[in-house]
Asks: 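Provided herewith is a single structure, encoded as C-alpha coordinates, for subsequent inquiry.
So that the names make sense, note that chain A is the first sequence line, chain B the second, and so on, each numbered from 1. What you are looking at is a predicted structure, and each value in this text was computed from that prediction instead of being measured.
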Number of protein chains: 2
Amino acid sequence: MKETLNANAQAVLEVVRRSHNHPTALEVYEAVRKVRPRIGVASVYRILHSLAQQGLIRELGRSDEACRYDGHIERHDHAICTACGALLDLPVEVRLSEEALRSAAQAAGIELHSHEVRLYGLCTACRQRLQQVESVEG
Amino acid sequence: MKETLNANAQAVLEVVRRSHNHPTALEVYEAVRKVRPRIGVASVYRILHSLAQQGLIRELGRSDEACRYDGHIERHDHAICTACGALLDLPVEVRLSEEALRSAAQAAGIELHSHEVRLYGLCTACRQRLQQVESVEG
DNA sequence: TAGCAGATTGATAATGATTATCATTATTAG
DNA sequence: CTAATAATGATAATCATTATCAATCTGCTA
(Lines give C-alpha, C1' and ligand atoms only; values in the text may rest on other atoms or scores of the structure.)
Protein backbone atom coordinates (compact mmCIF):
# COMPACT_ATOMS: atom_id res chain seq x y z
CA MET A 1 0.00 0.00 0.00
CA LYS A 2 1.61 3.21 -1.13
CA GLU A 3 0.13 6.49 -0.03
CA THR A 4 2.51 9.21 -1.16
CA LEU A 5 3.40 9.78 -4.80
CA ASN A 6 7.04 9.99 -5.76
CA ALA A 7 8.39 12.20 -8.52
CA ASN A 8 7.70 9.65 -11.27
CA ALA A 9 4.14 9.07 -10.15
CA GLN A 10 3.56 12.81 -9.85
CA ALA A 11 4.77 13.31 -13.39
CA VAL A 12 2.52 10.56 -14.72
CA LEU A 13 -0.47 11.98 -12.87
CA GLU A 14 0.29 15.45 -14.21
CA VAL A 15 0.44 14.17 -17.77
CA VAL A 16 -2.83 12.28 -17.53
CA ARG A 17 -4.60 15.20 -15.92
CA ARG A 18 -3.26 17.70 -18.42
CA SER A 19 -4.19 15.70 -21.51
CA HIS A 20 -7.77 15.97 -22.56
CA ASN A 21 -7.74 13.20 -25.10
CA HIS A 22 -7.60 9.91 -23.20
CA PRO A 23 -3.95 9.01 -23.80
CA THR A 24 -2.77 5.43 -24.07
CA ALA A 25 -0.08 4.12 -21.76
CA LEU A 26 2.52 4.53 -24.47
CA GLU A 27 1.46 8.09 -25.13
CA VAL A 28 1.75 8.83 -21.44
CA TYR A 29 5.18 7.22 -21.50
CA GLU A 30 6.36 9.46 -24.33
CA ALA A 31 5.07 12.58 -22.60
CA VAL A 32 6.50 11.68 -19.22
CA ARG A 33 9.87 10.96 -20.80
CA LYS A 34 10.25 14.64 -21.63
CA VAL A 35 10.32 15.53 -17.97
CA ARG A 36 11.74 12.32 -16.51
CA PRO A 37 14.00 10.93 -19.21
CA ARG A 38 15.21 7.91 -17.26
CA ILE A 39 11.76 6.41 -16.65
CA GLY A 40 10.96 3.10 -18.35
CA VAL A 41 7.75 1.70 -19.82
CA ALA A 42 7.38 -0.83 -17.06
CA SER A 43 7.24 1.90 -14.45
CA VAL A 44 4.69 3.87 -16.43
CA TYR A 45 2.43 0.84 -16.59
CA ARG A 46 2.96 0.15 -12.91
CA ILE A 47 2.23 3.74 -11.95
CA LEU A 48 -0.86 3.99 -14.16
CA HIS A 49 -2.32 0.87 -12.57
CA SER A 50 -1.49 2.11 -9.13
CA LEU A 51 -3.03 5.54 -9.76
CA ALA A 52 -6.15 3.92 -11.16
CA GLN A 53 -6.39 1.67 -8.14
CA GLN A 54 -6.13 4.70 -5.85
CA GLY A 55 -8.91 6.34 -7.83
CA LEU A 56 -6.72 9.24 -8.92
CA ILE A 57 -7.23 8.46 -12.58
CA ARG A 58 -9.65 6.28 -14.48
CA GLU A 59 -8.79 3.34 -16.67
CA LEU A 60 -11.03 3.15 -19.73
CA GLY A 61 -11.68 -0.22 -21.30
CA ARG A 62 -9.78 -0.26 -24.54
CA SER A 63 -12.23 0.56 -27.27
CA ASP A 64 -9.96 0.13 -30.24
CA GLU A 65 -6.39 -1.05 -29.82
CA ALA A 66 -4.90 0.09 -26.55
CA CYS A 67 -6.07 0.89 -23.04
CA ARG A 68 -6.73 4.57 -22.46
CA TYR A 69 -6.64 6.70 -19.34
CA ASP A 70 -8.73 9.61 -18.15
CA GLY A 71 -7.81 12.31 -15.66
CA HIS A 72 -11.52 13.09 -15.19
CA ILE A 73 -12.52 10.92 -12.30
CA GLU A 74 -15.95 12.40 -11.78
CA ARG A 75 -18.52 10.03 -13.22
CA HIS A 76 -19.26 10.86 -16.84
CA ASP A 77 -20.44 9.25 -20.04
CA HIS A 78 -18.83 8.60 -23.39
CA ALA A 79 -19.55 8.63 -27.09
CA ILE A 80 -17.71 6.16 -29.29
CA CYS A 81 -17.37 6.44 -33.03
CA THR A 82 -18.04 3.07 -34.60
CA ALA A 83 -15.99 4.00 -37.64
CA CYS A 84 -12.72 5.39 -36.27
CA GLY A 85 -12.94 4.27 -32.65
CA ALA A 86 -12.69 7.78 -31.22
CA LEU A 87 -13.72 7.97 -27.59
CA LEU A 88 -15.25 11.29 -26.59
CA ASP A 89 -16.34 12.59 -23.21
CA LEU A 90 -19.97 13.62 -23.14
CA PRO A 91 -20.24 17.21 -21.94
CA VAL A 92 -23.68 16.49 -20.47
CA GLU A 93 -24.94 13.75 -18.24
CA VAL A 94 -27.37 11.18 -19.55
CA ARG A 95 -29.75 11.14 -16.68
CA LEU A 96 -31.22 7.87 -15.46
CA SER A 97 -33.09 6.99 -12.33
CA GLU A 98 -31.46 5.63 -9.19
CA GLU A 99 -34.24 3.12 -9.00
CA ALA A 100 -33.60 1.74 -12.50
CA LEU A 101 -29.91 1.38 -11.73
CA ARG A 102 -30.49 -0.30 -8.41
CA SER A 103 -32.93 -2.85 -9.75
CA ALA A 104 -30.70 -3.62 -12.74
CA ALA A 105 -27.71 -4.17 -10.46
CA GLN A 106 -29.76 -6.42 -8.27
CA ALA A 107 -30.97 -8.41 -11.26
CA ALA A 108 -27.35 -8.92 -12.35
CA GLY A 109 -26.27 -9.78 -8.83
CA ILE A 110 -23.57 -7.15 -8.58
CA GLU A 111 -22.79 -4.59 -5.90
CA LEU A 112 -23.08 -1.37 -7.86
CA HIS A 113 -20.23 1.12 -7.53
CA SER A 114 -20.58 3.22 -10.64
CA HIS A 115 -22.08 3.29 -14.09
CA GLU A 116 -21.51 4.71 -17.53
CA VAL A 117 -23.64 5.38 -20.59
CA ARG A 118 -22.00 4.76 -23.95
CA LEU A 119 -23.38 6.25 -27.12
CA TYR A 120 -22.35 4.56 -30.35
CA GLY A 121 -22.48 6.25 -33.71
CA LEU A 122 -20.55 8.28 -36.25
CA CYS A 123 -18.44 11.25 -35.28
CA THR A 124 -18.57 14.35 -37.46
CA ALA A 125 -15.37 13.59 -39.33
CA CYS A 126 -16.38 10.03 -40.18
CA ARG A 127 -19.87 11.08 -41.17
CA GLN A 128 -18.42 13.48 -43.73
CA ARG A 129 -15.80 11.02 -44.90
CA LEU A 130 -18.37 8.28 -45.46
CA GLN A 131 -20.71 10.60 -47.30
CA GLN A 132 -17.90 11.45 -49.71
CA VAL A 133 -17.14 7.78 -50.30
CA GLU A 134 -20.81 7.14 -50.97
CA SER A 135 -21.10 9.92 -53.47
CA VAL A 136 -17.98 8.74 -55.30
CA GLU A 137 -19.04 5.10 -55.37
CA GLY A 138 -22.75 5.62 -55.80
CA MET B 1 -19.79 -7.42 -50.26
CA LYS B 2 -20.51 -11.01 -49.34
CA GLU B 3 -24.11 -11.94 -48.71
CA THR B 4 -24.20 -15.70 -48.21
CA LEU B 5 -22.33 -17.46 -45.44
CA ASN B 6 -20.12 -20.39 -46.32
CA ALA B 7 -19.58 -23.41 -44.10
CA ASN B 8 -16.82 -21.78 -42.05
CA ALA B 9 -18.82 -18.63 -41.46
CA GLN B 10 -21.89 -20.69 -40.54
CA ALA B 11 -19.87 -22.62 -38.00
CA VAL B 12 -18.46 -19.45 -36.46
CA LEU B 13 -21.90 -17.90 -36.24
CA GLU B 14 -23.29 -21.06 -34.64
CA VAL B 15 -20.57 -21.05 -32.02
CA VAL B 16 -21.03 -17.41 -31.10
CA ARG B 17 -24.80 -17.79 -30.92
CA ARG B 18 -24.64 -20.95 -28.84
CA SER B 19 -22.20 -19.60 -26.26
CA HIS B 20 -23.73 -17.44 -23.62
CA ASN B 21 -20.52 -16.16 -22.12
CA HIS B 22 -19.06 -13.66 -24.58
CA PRO B 23 -16.25 -15.75 -26.05
CA THR B 24 -12.99 -14.22 -27.24
CA ALA B 25 -11.84 -14.74 -30.80
CA LEU B 26 -9.43 -17.44 -29.66
CA GLU B 27 -12.16 -19.23 -27.75
CA VAL B 28 -14.34 -19.15 -30.83
CA TYR B 29 -11.41 -20.51 -32.80
CA GLU B 30 -10.98 -23.45 -30.42
CA ALA B 31 -14.68 -24.27 -30.53
CA VAL B 32 -14.98 -23.98 -34.29
CA ARG B 33 -11.95 -26.22 -34.73
CA LYS B 34 -13.93 -29.14 -33.32
CA VAL B 35 -16.31 -29.00 -36.24
CA ARG B 36 -14.01 -27.53 -38.93
CA PRO B 37 -10.55 -28.77 -38.06
CA ARG B 38 -8.78 -27.19 -41.00
CA ILE B 39 -9.81 -23.61 -40.23
CA GLY B 40 -7.07 -21.16 -39.20
CA VAL B 41 -7.03 -18.25 -36.77
CA ALA B 42 -6.80 -15.68 -39.52
CA SER B 43 -10.06 -16.90 -41.01
CA VAL B 44 -11.80 -16.83 -37.66
CA TYR B 45 -10.77 -13.23 -37.14
CA ARG B 46 -11.81 -12.36 -40.68
CA ILE B 47 -15.17 -14.05 -40.28
CA LEU B 48 -15.85 -12.50 -36.88
CA HIS B 49 -15.23 -9.02 -38.27
CA SER B 50 -17.36 -9.74 -41.27
CA LEU B 51 -20.24 -11.09 -39.19
CA ALA B 52 -20.03 -8.08 -36.88
CA GLN B 53 -20.08 -5.77 -39.87
CA GLN B 54 -23.17 -7.49 -41.20
CA GLY B 55 -24.80 -7.06 -37.80
CA LEU B 56 -25.15 -10.80 -37.23
CA ILE B 57 -23.07 -10.68 -34.07
CA ARG B 58 -21.88 -7.90 -31.84
CA GLU B 59 -18.30 -7.01 -31.08
CA LEU B 60 -17.82 -5.93 -27.48
CA GLY B 61 -15.01 -3.54 -26.63
CA ARG B 62 -12.40 -5.54 -24.81
CA SER B 63 -12.97 -4.97 -21.11
CA ASP B 64 -10.00 -6.92 -19.79
CA GLU B 65 -7.53 -8.55 -22.13
CA ALA B 66 -9.15 -9.66 -25.38
CA CYS B 67 -12.03 -8.61 -27.59
CA ARG B 68 -15.24 -10.50 -26.88
CA TYR B 69 -18.20 -11.36 -29.06
CA ASP B 70 -21.90 -11.61 -28.38
CA GLY B 71 -24.54 -13.54 -30.29
CA HIS B 72 -27.25 -11.32 -28.73
CA ILE B 73 -27.65 -8.53 -31.19
CA GLU B 74 -30.70 -6.96 -29.64
CA ARG B 75 -29.63 -3.89 -27.73
CA HIS B 76 -28.85 -4.71 -24.14
CA ASP B 77 -26.78 -3.51 -21.23
CA HIS B 78 -23.87 -4.97 -19.32
CA ALA B 79 -22.49 -5.32 -15.82
CA ILE B 80 -18.74 -5.45 -15.39
CA CYS B 81 -16.97 -6.71 -12.32
CA THR B 82 -14.18 -4.31 -11.41
CA ALA B 83 -12.30 -7.07 -9.60
CA CYS B 84 -12.26 -10.01 -12.01
CA GLY B 85 -13.31 -8.29 -15.22
CA ALA B 86 -16.36 -10.51 -15.78
CA LEU B 87 -18.77 -9.10 -18.35
CA LEU B 88 -22.40 -10.02 -17.71
CA ASP B 89 -25.50 -9.36 -19.76
CA LEU B 90 -28.14 -7.46 -17.85
CA PRO B 91 -31.41 -9.39 -17.95
CA VAL B 92 -33.38 -6.14 -17.69
CA GLU B 93 -33.18 -2.93 -19.59
CA VAL B 94 -31.97 0.23 -17.89
CA ARG B 95 -34.54 2.59 -19.21
CA LEU B 96 -33.56 6.07 -20.28
CA SER B 97 -35.41 8.68 -22.25
CA GLU B 98 -35.12 9.14 -25.99
CA GLU B 99 -34.86 12.84 -25.37
CA ALA B 100 -31.87 12.53 -23.02
CA LEU B 101 -30.09 10.32 -25.52
CA ARG B 102 -30.77 12.58 -28.43
CA SER B 103 -29.59 15.71 -26.69
CA ALA B 104 -26.45 13.99 -25.40
CA ALA B 105 -25.61 12.75 -28.88
CA GLN B 106 -26.12 16.20 -30.28
CA ALA B 107 -23.90 17.72 -27.60
CA ALA B 108 -21.15 15.26 -28.52
CA GLY B 109 -21.69 15.86 -32.22
CA ILE B 110 -22.26 12.23 -33.14
CA GLU B 111 -24.94 10.59 -35.23
CA LEU B 112 -26.44 8.19 -32.70
CA HIS B 113 -26.86 4.57 -33.77
CA SER B 114 -27.05 2.72 -30.50
CA HIS B 115 -26.25 2.97 -26.83
CA GLU B 116 -25.33 0.85 -23.87
CA VAL B 117 -25.42 1.22 -20.11
CA ARG B 118 -22.53 -0.27 -18.17
CA LEU B 119 -22.78 -0.99 -14.48
CA TYR B 120 -19.50 -1.32 -12.61
CA GLY B 121 -19.17 -3.12 -9.31
CA LEU B 122 -18.37 -6.41 -7.65
CA CYS B 123 -19.86 -9.68 -8.80
CA THR B 124 -21.08 -12.14 -6.21
CA ALA B 125 -17.98 -14.30 -6.30
CA CYS B 126 -15.58 -11.39 -5.89
CA ARG B 127 -17.68 -9.85 -3.13
CA GLN B 128 -17.40 -13.03 -1.12
CA ARG B 129 -13.76 -13.50 -1.93
CA LEU B 130 -12.88 -9.97 -0.84
CA GLN B 131 -14.88 -10.26 2.37
CA GLN B 132 -12.86 -13.32 3.28
CA VAL B 133 -9.60 -11.52 2.62
CA GLU B 134 -10.76 -8.62 4.80
CA SER B 135 -11.69 -10.84 7.70
CA VAL B 136 -8.35 -12.62 7.54
CA GLU B 137 -6.32 -9.43 7.26
CA GLY B 138 -8.40 -7.26 9.54
C1' DT C 1 -14.94 -29.94 -70.24
C1' DA C 2 -10.36 -27.62 -69.77
C1' DG C 3 -8.20 -23.64 -68.46
C1' DC C 4 -7.87 -19.38 -66.42
C1' DA C 5 -8.85 -14.84 -63.47
C1' DG C 6 -9.90 -13.68 -59.29
C1' DA C 7 -11.38 -14.52 -54.67
C1' DT C 8 -10.74 -17.28 -50.34
C1' DT C 9 -8.18 -19.77 -47.26
C1' DG C 10 -4.86 -20.97 -43.71
C1' DA C 11 0.12 -21.39 -42.19
C1' DT C 12 3.24 -18.50 -40.59
C1' DA C 13 5.66 -14.29 -39.66
C1' DA C 14 5.15 -9.68 -37.95
C1' DT C 15 3.33 -6.19 -35.03
C1' DG C 16 1.94 -3.79 -30.98
C1' DA C 17 0.45 -3.59 -26.25
C1' DT C 18 1.24 -5.32 -21.92
C1' DT C 19 3.58 -8.12 -18.34
C1' DA C 20 7.42 -10.78 -16.15
C1' DT C 21 12.11 -11.07 -14.95
C1' DC C 22 15.95 -9.62 -12.76
C1' DA C 23 20.06 -7.09 -11.80
C1' DT C 24 20.78 -2.46 -10.14
C1' DT C 25 19.68 1.45 -7.44
C1' DA C 26 17.31 3.94 -3.84
C1' DT C 27 15.27 3.89 0.75
C1' DT C 28 14.60 2.63 5.35
C1' DA C 29 15.48 0.37 9.86
C1' DG C 30 18.60 -0.72 13.22
C1' DC D 1 27.07 3.25 8.50
C1' DT D 2 25.32 -1.21 7.10
C1' DA D 3 22.02 -4.63 6.14
C1' DA D 4 17.47 -5.53 4.59
C1' DT D 5 13.92 -4.33 1.64
C1' DA D 6 11.47 -1.97 -1.82
C1' DA D 7 11.40 0.49 -6.24
C1' DT D 8 13.17 1.06 -10.79
C1' DG D 9 14.15 0.31 -15.60
C1' DA D 10 16.27 -2.52 -19.44
C1' DT D 11 15.10 -6.29 -21.69
C1' DA D 12 12.88 -10.52 -22.80
C1' DA D 13 8.56 -12.89 -22.96
C1' DT D 14 3.64 -13.24 -23.81
C1' DC D 15 -0.65 -12.68 -25.88
C1' DA D 16 -4.05 -10.91 -29.13
C1' DT D 17 -4.42 -9.40 -33.53
C1' DT D 18 -3.02 -8.36 -38.33
C1' DA D 19 -0.26 -8.85 -42.62
C1' DT D 20 1.73 -11.72 -46.01
C1' DC D 21 1.63 -14.96 -49.37
C1' DA D 22 1.49 -19.39 -51.53
C1' DA D 23 -2.02 -22.86 -52.21
C1' DT D 24 -6.70 -23.86 -53.17
C1' DC D 25 -11.21 -23.11 -54.60
C1' DT D 26 -14.80 -20.47 -57.50
C1' DG D 27 -17.20 -19.31 -61.31
C1' DC D 28 -16.79 -18.25 -66.10
C1' DT D 29 -15.43 -18.55 -70.92
C1' DA D 30 -13.93 -20.78 -74.97
Side-chain angles (χ1 to χ4, degrees), chain A residues 1-16 19 21-54 56-70 82-85 87, chain B residues 1-13 15-16 19 21-54 56-70 83-85 87:
Chain A
M1 253 350 125
K2 132 122 79 78
E3 291 302 326
T4 57
L5 301 182
N6 64 19
N8 281 346
Q10 297 266 5
V12 169
L13 182 54
E14 274 296 289
V15 164
V16 176
S19 52
N21 51 344
H22 307 304
T24 66
L26 276 309
E27 285 164 358
V28 172
Y29 170 61
E30 287 306 330
V32 168
R33 238 139 101 74
K34 300 207 176 106
V35 78
R36 308 232 95 218
R38 305 187 47 84
I39 200 171
V41 268
S43 297
V44 171
Y45 276 99
R46 264 192 299 256
I47 291 167
L48 285 171
H49 287 156
S50 150
L51 292 176
Q53 203 167 350
Q54 292 170 71
L56 295 173
I57 63 175
R58 173 179 271 282
E59 188 168 316
L60 303 172
R62 30 193 133 160
S63 64
D64 45 341
E65 74 299 341
C67 192
R68 292 178 176 278
Y69 292 85
D70 196 339
T82 50
C84 69
L87 180 66
Chain B
M1 253 351 124
K2 134 120 78 75
E3 291 301 327
T4 57
L5 301 181
N6 65 18
N8 280 348
Q10 296 267 4
V12 170
L13 183 54
V15 164
V16 176
S19 51
N21 51 342
H22 308 304
T24 65
L26 276 308
E27 285 164 358
V28 171
Y29 169 63
E30 287 304 330
V32 169
R33 239 138 99 75
K34 299 207 178 106
V35 80
R36 307 232 98 217
R38 305 187 48 84
I39 201 172
V41 268
S43 297
V44 171
Y45 276 98
R46 266 193 296 256
I47 291 168
L48 284 171
H49 288 155
S50 151
L51 292 177
Q53 203 168 350
Q54 292 171 69
L56 295 173
I57 63 175
R58 172 178 271 282
E59 188 168 317
L60 303 173
R62 30 193 134 160
S63 63
D64 45 342
E65 74 298 341
C67 191
R68 292 178 176 278
Y69 292 86
D70 196 336
C84 69
L87 181 66

Asks: I need the CD-P distance between A:E27 and C:dT18, as an integer number of Å.
Replies: 10 Å

Asks: In whole Å, what is the span from the CG atom of B:N8 to the P atom of D:dC25?
Replies: 12 Å

Asks: Using a 4.0 Å heavy-atom cut-off across all strands, classify B:R46 as base, sugar-phosphate, or nothing.
Replies: base

Asks: Check the distance between D:dA16's P and B:Y69's OH and give it to me in whole angstrom.
Replies: 13 Å

Asks: If you take all heavy atoms of B:Y29 and B:G40, which pair is closest and at what distance?
Replies: CE1-C, 3.7 Å

Asks: Counting just side-chain N and O atoms, does A:S43 come under 4.0 Å of either OP1 or OP2 of D:dT8?
Replies: no

Asks: OP1 or OP2 of D:dT18 sitting under 4.0 Å from any side-chain N/O of B:Y45?
Replies: no

Asks: Taking only side-chain N and O atoms of A:N6, does any of them lie within less than 4.0 angstrom of OP1 or OP2 on C:dA26?
Replies: no

Asks: Counting neighbours of CD on B:Q53 that are heavy atoms of other residues, nucleotides or ligands and sit closer than 6.0 Å, is the number greater than 12?
Replies: no

Asks: Just by distance, do the side chain of B:R68 and the backbone of B:H22 share a donor-acceptor pair under 3.5 Å?
Replies: yes

Asks: Distance-only, no hydrogens or angles: does the A:E30 side chain make a donor-acceptor pair with backbone N or O of A:E27 under 3.5 Å?
Replies: no

Asks: Tell me the closest heavy-atom pair linking A:V16 and A:Y69, and the distance in Å.
Replies: CG1-CB, 4.3 Å

Asks: Tell me: CG of B:L48 to C1' of C:dG10, nearest whole Å?
Replies: 15 Å

Asks: To the nearest Å, how far apart are A:Y29 OH and C:dA17 P?
Replies: 13 Å

Asks: Among D:dA10, C:dT9, D:dT8, which nucleotide has an atom closest to any side-chain atom of A:A42?
Replies: D:dA10

Asks: To the nearest Å, how far apart are B:L5 CG and C:dT9 P?
Replies: 11 Å

Asks: Classify the side chain of A:R36 versus the base of D:dG9 as yes if they form a donor-acceptor pair under 3.5 Å and no if they do not.
Replies: no

Asks: In whole Å, I'd like the distance from the CD1 atom of B:I47 to the P atom of C:dG10.
Replies: 7 Å

Asks: Verify the contact: side-chain N or O of A:H49 to OP1 or OP2 of C:dT19, cut-off strictly under 4.0 Å; return yes or no.
Replies: yes

Asks: Output the single nucleotide from C:dG10, D:dA16, D:dG9 whose closest atom is nearest the side chain of B:L26.
Replies: D:dA16

Asks: Can you tell me how far P of C:dT12 sits from CZ of B:R38, to the nearest Å?
Replies: 12 Å

